Amino acid sequence: MLTINAVERKEQGKGASRRLRLANRFPAIIYGGSEAAVAIDLDHDSVMNLQSKPGFYDVLTLSVDGKETKVKVQAVQRHPFKPKLFHIDFVRA
């Protein structure tokens with residue numbers, strides 16, 4: 001099972017997302033289940049490397065500030081022509 005380290009986002013919005021992408025990170029969200037949705041940010045290069053692995057679209061473990069959550073990839077938004085990730089939606093498994 002693959003594990004991805006994440007950080008909870010304090011700032012949200014278009015400007016905050018642009019600043020994240022300039023810092024080689026990108027926004028994501030975890031939702032579903034009985035808990036509230038959690039906005040996170042991920043390291044771009046590590047997730048790009050993991051998405052080519054066969055288990056990426058199965059159940060993953062997200063470690064958000066030390067708290068582990070089992071999730072599945074629901075939706076991935078990519079740049080139209082660059083090899084860049086823009087946003088990922090995770091649903092709790």
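Keep in mind that what you see is a predicted model, and the values were worked out from it rather than measured. Values below: all heavy atoms of this structure, side chains included; hydrogens, waters and symmetry mates excluded.
- Shortest non-hydrogen contact noted between Phe56 and Leu50 is CB-O, 3.5 Å.
- At a threshold of 4.5 Å between non-hydrogen side-chain atoms, the residues Arg78 and Pro83 do not count as touching.
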Using the rule given for salt bridge (Lys or Arg N to Asp or Glu O under 4.0 Å), can you reason through Glu11 versus Arg18, listing the C-alpha separation, both sets of side-chain angles and the distance that settles it, and then say yes or no?
CA-CA 11 Å; Glu11 295 182 325; Arg18 286 181 178 175; over 6 Å; no
Before giving the answer on side chain to side chain donor-acceptor pair (under 3.5 Å), spell out for Asn5 and Asp43 the whole-Å C-alpha distance, their side-chain angles and the decisive distance to 0.1 Å.
CA-CA 8 Å; Asn5 294 321; Asp43 180 57; over 6 Å; no
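- Taking the six-membered ring for Trp and the full ring otherwise, His87 and Phe26 have centroids separated by 6.0 Å or more.
- Distance check, rounded to the nearest 0.5 Å: CD1 of Ile88 to CD of Gln51 gives 7.0 Å.
- Atoms CG and NE2, on Leu20 and His44 in that order, are 12.0 Å from each other to the nearest 0.5 Å.
- Counting Ile, Leu, Val, Met, Phe, Trp and Tyr side chains that sit under 4.5 Å apart, directly or through other members, Val91 shares a hydrophobic cluster with Ile29, Tyr31.
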From CA spacing to verdict: side-chain contact (heavy atoms from CB on, under 4.5 Å), Tyr57, Lys72:
CA-CA 6 Å; Tyr57 293 98; Lys72 288 182 80 170; over 6 Å; no
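- We find that Asp41 and Arg9 are not joined by a salt bridge, their nearest charged nitrogen and carboxylate oxygen being 4.0 Å or further apart.
- In terms of heavy atoms, Gly55 sits closest to Leu2 at C-CD1, 3.8 Å.
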So Val71 and Val59, side-chain contact (heavy atoms from CB on, under 4.5 Å) or not? Walk me through it.
CA-CA 6 Å; Val71 296; Val59 177; over 6 Å; no
Stepwise, does the side-chain contact (heavy atoms from CB on, under 4.5 Å) test hold for Leu60 with Met1?
CA-CA 6 Å; Leu60 302 168; Met1 185 174 302; 5.7 Å; no
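- Partner Ser17 forms a side chain to side chain contact (heavy atoms under 4.5 Å, CB included) with one of Arg21, Arg19, Lys14 and no other, that one being Arg21.
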Check the pair Gln77 / Leu85 against side-chain contact (heavy atoms from CB on, under 4.5 Å), numbers first and verdict last.
CA-CA 6 Å; Gln77 295 176 4; Leu85 296 171; over 6 Å; no
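- The distance from atom OG of Ser63 to atom CD1 of Ile4, rounded to the nearest 0.5 Å, is 10.5 Å.
- Of all non-hydrogen atoms in Ala36 and Arg92, the two that sit nearest each other are O-NH2, 3.0 Å.
- Nearest approach of Leu42 to Ala6, heavy atoms of both residues: CD2-CB, 3.4 Å.
- Here the closest non-hydrogen pair linking Ala28 and Phe90 is CB-CE1, 4.0 Å.
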